[in-house]
Amino acid sequence: MRRSVLLVPVADGGLWSVRSGGVRWICGFTDEAALARFAPHHTRGDRPMDYAALLGARIVDEIVPSLGEPAGLAVDIATEDGSMFFPPVVGIVPDAVAVDGGAAGERPPR
């Protein structure tokens, strides 16, 4: 995921996301076909969906921490049996913003 270029829909001047289970999920797609399966359900009429091409690492290392709330990455959510979710936990997002990272990014005792 980190080295993959993902297509992330852009809406209202920001990246398209959805909140579920207390997490803000940035939605990314592995290719235009996956984005095309998603677009008809989230655009008006036959308007094309604008998107940004971003490395997965940039999303989880830079964008997620800037949101100021628990956030993760959802990939190919319109692909049956092909969706992938990268939650806001240690090892995926920076420790400082991981929900399981403890205070100031410290890992909880095991």
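When reading the values below, keep in mind they use all heavy atoms of this one structure, side chains included, and skip hydrogens, waters and symmetry mates. This structure is a prediction, so every number in the text was calculated from the model and none was measured.
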Do [X] and [Y] have side-chain heavy atoms sitting under 4.5 Å apart?
{"X": "Ile26", "Y": "Leu67", "answer": "yes"}
{"X": "Asp61", "Y": "Arg2", "answer": "yes"}
{"X": "Leu54", "Y": "Ile63", "answer": "yes"}

Subject >> Minimum heavy-atom distance Trp25-Ala74, with the two atoms named >> reply: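 Taking Trp25 first and Ala74 second, the nearest heavy atoms are CE3-N, 4.0 Å.
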Original post:
How close do Val60 and Pro65 get, heavy atom to heavy atom, and via which atoms?
Top reply: O-CD, 3.5 Å
Original post:
Does atom CD of Glu32 have more than 12 heavy-atom neighbours, drawn from other residues, nucleotides or ligands, at distances under 6.0 Å?
Top reply: no
**OP:** For Glu62, enumerate each residue passing the salt bridge (Lys or Arg N to Asp or Glu O under 4.0 Å) test, keeping only those at least two apart in sequence or located in another chain.
**Re:** Arg58
**OP:** Apply the test side-chain contact (heavy atoms from CB on, under 4.5 Å) to residues Thr30 and Ser4: give CA-CA distance (whole Å), side-chain angles for both, the deciding distance (0.1 Å), then the verdict.
**Re:** CA-CA 8 Å; Thr30 54; Ser4 297; over 6 Å; no
Original post:
How long is the span from the CG atom in Asp50 to the CG atom in Leu7, to the nearest 0.5 Å?
Top reply: 12.5 Å
Original post:
For the atom pair CZ (Phe38) and OH (Tyr51), what is the distance rounded to the nearest 0.5 Å?
Top reply: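 So the CZ of Phe38 and the OH of Tyr51 are separated by 14.0 Å.
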**OP:** For Thr79, check side-chain hydrogen bond (donor to acceptor under 3.5 Å, both in side chains) against everything at least two apart and list the hits.
**Re:** Arg37
Subject >> Steps toward side-chain contact (heavy atoms from CB on, under 4.5 Å) verdict (Leu6, Val75) >> reply: CA-CA 8 Å; Leu6 298 172; Val75 178; 4.2 Å; yes
For a quick test of your reading: what N or O donor-acceptor pairs under 3.5 Å do the side chains of residues 81-88 make, sequence neighbours left out?
| unit_1 | atom_1 | unit_2 | atom_2 | d |
| --- | --- | --- | --- | --- |
| Ser83 | OG | Asp76 | O | 3.0 |

